[in-house]
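Residue numbers count from 1 along this sequence. Note that the coordinates shown come from a computational prediction; the quantities given were computed from them, not determined experimentally.
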Amino acid sequence: KVTITKAFYMQTTEVTQGQWKAVMGTEPWKGKDDIKEGPNYASSHVSWDDAVAYCKKLSEKEGKTYRLPTEAEWEYSCRAGTETTWSFGNDEKELGDYAWSFKNTWGIDEKYAHQVGLKKPNAFGLYDMHGNVWEWCHDYYGEDYYKQSPAQDPTGPTSGSSRVLRGGSWTAGSRISRSACRKWRDADTRYHTGFRVVRELDVIP
């Protein structure tokens with residue numbers, strides 16, 4: 001168990017292709033055979049390095065501090081006050097109401113990340129925390145990190161060889177989209193990977 005002591009805003013959806021293009025002017029998903037293009041589709045084939053660059057550019061553009069969520073912030077946001085397998089409960093049959101995952105994408109030959117915000121949100125009003133695209137977190141991955149992590153506001157190991165991914169994707173089954181499931185990849189990995197941003201609250205003097 002950890003405690004998040006610092007308030008933050010989290011984007012209600014994954015960063016879309018339209019948002020990415022408006023900030024970065026590129027299309028990392030272009031030419032991939034597992035993509036449907038459109039401004040409201042989740043951006044994918046985005047590496048951790050790409051996501052950090054987006055946050056930096058958006059921060060400069062808006063004069064606010066945007067960044068990737070820590071893994072702890074991500075799970076807190078995903079769970080939305082629950083202790084169940086998914087944010088909506090323990091009944092796997094409900095997953096399709098909240099997530100794009102294997103059964104309602106690959107299983108019906110819709111093999112691509114879908115438009116954001118079409119499924120039900122969790123109790124915090126966040127969409128697609130389960131499924132659609134893997135979401136990068138700030139942290140280096142450490143298998144045993146939470147056995148000795150700070151009890152408050154953990155930010156991950158100080159070094160490592162890979163970064164944390166959470167939430168599962170449209171290619172993943174229900175087990176992988178659980179609130180607690182932890183995965184990791186090298187920071188330059190580009191596959192069914194996307195992200196959503198956190199905005200730090202303005203400090204009031």
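With respect to Glu73 and Arg67, a salt bridge is recorded, a charged nitrogen being found less than 4.0 Å from a carboxylate O. Taking 4.0 Å as the cut-off between side-chain N and carboxylate O, Lys30 and Glu37 count as a salt-bridged pair. Salt-bridge annotation for Lys111 and Asp109: present, with a side-chain N of the basic residue lying under 4.0 Å from a carboxylate O of the acidic one.
Evaluation of the side-chain hydrogen bond (donor to acceptor under 3.5 Å, both in side chains) test over residues 172-181, restricted to residues two or more places apart or in two chains, returns Trp86-Ser177, Glu92-Ser174.
In this structure, the side chain of Arg79 engages the main chain of Thr84 through a donor-acceptor pair within 3.5 Å. Using modelled atom types, no side-chain atom of Tyr140 and backbone atom of Ser159 make a donor-acceptor pair closer than 3.5 Å. Between the side chain of Asn122 and the main chain of Gly81, no donor-acceptor pair closer than 3.5 Å is present.
In the model, Thr171 has a side-chain atom that pairs as donor or acceptor with a side-chain atom of Ser169 under 3.5 Å. Looking at Tyr141 and Arg163, their side chains never bring a donor and an acceptor atom within 3.5 Å of each other. Checking Thr105 against His114 by side-chain atom types alone, no donor-acceptor pair falls below 3.5 Å. Between the side chains of Tyr146 and Glu71, at least one donor N or O sits under 3.5 Å from an acceptor N or O. For the 3.5 Å distance criterion, the side chains of His45 and Asp34 qualify, holding a donor opposite an acceptor.
Annotation: side chain of His130 is in contact with side chain of Phe88 (closest heavy-atom distance under 4.5 Å). Taking 4.5 Å as the limit, some side-chain heavy atom of Ser162 sits within range of a side-chain heavy atom of Asp186. Within the 4.5 Å cutoff, the side chain of Ser87 has no heavy atoms near those of the Met129 side chain. Side-chain contact check for Ile176 versus Phe102: every heavy-atom pair is 4.5 Å or farther apart. Contact of the Ser44 side chain with the Ile35 side chain is registered, since non-hydrogen atoms from C-beta on lie closer than 4.5 Å. Residues Gln17 and Glu27 form no side-chain contact, since every pair of their non-hydrogen atoms from C-beta on lies 4.5 Å or further apart. Within the 4.5 Å cutoff, side-chain heavy atoms of Leu68 are placed close to those of Trp48. Under the 4.5 Å side-chain criterion, counting only non-hydrogen atoms from C-beta, Thr70 is not in contact with Tyr76.
Using a 4.5 Å cut-off between side-chain heavy atoms of Ile, Leu, Val, Met, Phe, Trp and Tyr, with links allowed through other members, Tyr127 and Tyr98 fall into different hydrophobic clusters. No single ILVMFWY cluster, assembled from side-chain heavy atoms under 4.5 Å apart, contains both Trp74 and Tyr54. Both Leu165 and Val52 are assigned to one and the same hydrophobic cluster, defined by single-linkage of ILVMFWY side chains at heavy-atom distances under 4.5 Å.
Between Trp100 atom CH2 and Tyr112 atom OH the span is 7.5 Å, to the nearest 0.5 Å. A distance of 6.0 Å separates SG in Cys137 from CG in Asp139, rounded to the nearest 0.5 Å. Distance check, rounded to the nearest 0.5 Å: CD of Gln11 to OG1 of Thr16 gives 7.5 Å. Annotation: the span from Thr85 atom OG1 to Leu95 atom CG amounts to 11.0 Å, rounded to 0.5 Å.
Exactly one residue among Val133, Leu126, Val46 makes a side chain to side chain contact (heavy atoms under 4.5 Å, CB included) with Glu14. That residue is Val133. The side chain to side chain contact (heavy atoms under 4.5 Å, CB included) test with Gln115 singles out one residue from Asn132, Asp128, Asn40, Thr13, and that residue is Asn40.
In this structure, Arg199 fails the cation-pi test against Phe8, since its NZ or CZ atom is not both closer than 6.0 Å to the six-membered ring centre and inside 45 degrees of the ring normal.
In this structure, Trp20 and Phe195 have perpendicular ring planes: the angle between them is above 60°, well past the 30° mark.
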(request) Could you go through the side chain to side chain donor-acceptor pair (under 3.5 Å) check for Thr155 and His138 one step at a time? (result) CA-CA 8 Å; Thr155 57; His138 159 271; 5.5 Å; no
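Take Ser59 and apply the side-chain contact (heavy atoms from CB on, under 4.5 Å) test, not counting sequence neighbours, and it matches Tyr66. Listed by chain and number, the residues in a side-chain contact (heavy atoms from CB on, under 4.5 Å) with Asp91 are Lys93, Glu94 (sequence neighbours excluded).
Taking the six-membered ring where the residue is Trp, the centroids of His192 and Trp170 are separated by under 6.0 Å.
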